[in-house]
Each structure stands twice: as structure tokens, then as C-alpha cells.
A.B. asks: 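Structure incoming, see below.
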Amino acid sequence: GAGVSQSPSNKVTEKGKDVELRCDPISGHTALYWYRQSLGQGLEFLIYFQGNSAPDKSGLPSDRFSAERTGGSVSTLTIQRTQQEDSAVYLCASSLGLRGSSGANVLTFGAGSRLTVL
Amino acid sequence: TQLLEQSPQFLSIQEGENLTVYCNSSSVFSSLQWYRQEPGEGPVLLVTVVTGGEVKKLKRLTFQFGDARKDSSLHITAAQPGDTGLYLCAGVPNAGGTSYGKLTFGQGTILTVHP
């Protein structure tokens, strides 16, 4: 597609339930990122996929968080046993991801998935 | 861990005023980016500065990268209500001279320009 698509746009869940957030990156972009944003704040890095390389999971806050990217395209971020502190906007971005090129640094973000844990 | 300190966190000004947002770090970055985000949307890239001392202008917005590539500033001249939004700086790590897209973001500056 023309842009990065995320779904759902809003998700309200009860504490302890699992949630899945989906990201459909720009076609041809090999790099995909997940960030988390608390209300009106900066972005916290979660995970980064680049082509077929092992993902950089260094930003995942706990083992309740996981992400996968199937076929080098669509990605799913899963949060198990959600807690109230997980409430945030989860942003996905993609880029050309060509290491060493200027395109690697140009991230296009989706509109985000707003997660509210009651 | 590379950190970016962005200030001020909040700015509320009248239309026509000038303002400056700062982004500082003790780390060297390969390049630094500025994004603008509106409610309900993702951040949108405004500019990337790459060279130490570089100055880029985008209409009424002037972006500067520090000589040591550790800090940057965004200056807006004659602010308009349409400039209202969240401004974010983001540093691209200086990893062995090869830059890639794992960005470190500042905390953001919420700018409100009143008519």
C-alpha cells in the first residue's frame, strides 16, 4: 500500500487478556520497527526487523511482549497477560532498510494502535 | 544507551512569536532527525541533518546540527496556529560509521500556538 497500515486503531481490553496488534508496512520496505508512545511523550523503541536477519528485540520491556514478521512483510506484536502499564499507543514504522544508505534512516510511521488496559 | 534530552517539554505562545526547541545528548549521532506529530497520527519526518554544523531551512523552520553532532535545535519564526503539534527529535546511532534506522527519540515538545 501507499502507507503503513496498522490495526486495530483502538483496542480496549481487560487486565490479563492477550492482545495482537498488526502492522502492514510499505511494499518493498525491508525494515520494520515497533515503538511505544505514552501520552504526549517521545517514542520508546521495542523491536526492529531487517530482512531475514534475527530481529533486534533489545527494547521489549518484558517476556510478555513478542513480535513476529511473516514473509518479510506483515508484522504482529503480541502482548500476553496485559497490565495497565501496557496502555499506550503502539506505533509501527517501515523503511527501505538498506544499511549504509540514506533510505535506511527514513522511517514512515503508521497512525498507531491505541491500547487501553482496564 | 544513547539518550536525547529535549526541551522545553511544553511551549504555549501567541501567533507571530518565535521559538526554539533544543535536543541535547552526550553521545555522537550519525545524523539527527526532526519529526512533527499531530493527534491520532504517526510522526512525520520534517528534516534530517547529517553534517556537523549543518543548517537546513524549511520555510519558517530552521534546523541546526551541532558541530560535534551531539545536539540540534529547531527554530520557528513567526509561529502560526498550524504549527501546533508534538515535535520530536530522533538520533540515528553512530554505529561503526554505518548508519541504520534504529532511532533514539527525545521526549518531545508539545507546541501550542494561539491565534
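Side chains are part of it too, since the values below use all heavy atoms of this structure and drop only hydrogens, waters and symmetry mates. Keep in mind the model is a prediction, meaning the values are calculated, not measured. Order of the sequence lines sets the chain letters (A, B, ...), proteins ahead of strands, with each chain counted from 1.
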A.B. asks: Quick check: A:Tyr35 with B:Phe105 (ring centres under 6.0 Å apart)?
C.D. replies: yes
A.B. asks: What's the spacing between A:Leu107 CG and B:Leu103 CG if we round to 0.5 Å?
C.D. replies: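 If we round to the nearest 0.5 Å, A:Leu107:CG and B:Leu103:CG are 5.0 Å apart.
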A.B. asks: Identify which part of B:Gln6 has an atom lying under 4.5 Å from any heavy atom of chain A, answering side chain, backbone, both or neither.
C.D. replies: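 Neither part; nothing is under 4.5 Å.
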A.B. asks: Check whether B:Leu74 and B:Leu32 end up in the same hydrophobic cluster, where Ile, Leu, Val, Met, Phe, Trp and Tyr are linked by side-chain heavy atoms less than 4.5 Å apart.
C.D. replies: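 Yes, B:Leu74 connects to B:Leu32 through the hydrophobic network.
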A.B. asks: Of the backbone (N, CA, C, O) and the side chain (C-beta and beyond), which part of A:Ser58 lies under 4.5 Å from a heavy atom of chain B, both, or neither?
C.D. replies: side chain
A.B. asks: Above 12 or not: heavy atoms from other molecules or residues under 6.0 Å from CZ of A:Phe65?
C.D. replies: yes
A.B. asks: Should A:Ile47 and A:Tyr90 be counted in the same cluster of Ile, Leu, Val, Met, Phe, Trp and Tyr side chains packed under 4.5 Å apart?
C.D. replies: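 The answer is yes; both residues are in one hydrophobic cluster.
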A.B. asks: Does atom CZ of A:Arg114 have more than 12 heavy-atom neighbours from other groups under 6.0 Å away?
C.D. replies: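 Counting neighbours around CZ of A:Arg114, 12 or fewer heavy atoms of other residues, nucleotides or ligands fall under 6.0 Å, so no.
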A.B. asks: Please lay out, stage by stage, how B:Leu86 and A:Gln37 fare under the test side-chain contact (heavy atoms from CB on, under 4.5 Å).
C.D. replies: CA-CA 12 Å; B:Leu86 173 66; A:Gln37 185 176 33; 3.5 Å; yes
A.B. asks: Counting only heavy atoms not in A:Glu14, do more than 12 sit closer than 6.0 Å to its CD atom?
C.D. replies: no
A.B. asks: Considering all heavy atoms of both residues, which atom of B:Pro43 and which atom of A:Leu43 are nearest to each other, and what is their separation?
C.D. replies: CG-CD2, 4.2 Å
A.B. asks: Nearest 0.5 Å please: distance from the CD atom of B:Gln37 over to the CZ atom of A:Phe109.
C.D. replies: 8.5 Å
A.B. asks: Any link between B:Trp34 and B:Tyr22 through a network of hydrophobic side chains (Ile, Leu, Val, Met, Phe, Trp, Tyr) touching at under 4.5 Å?
C.D. replies: no
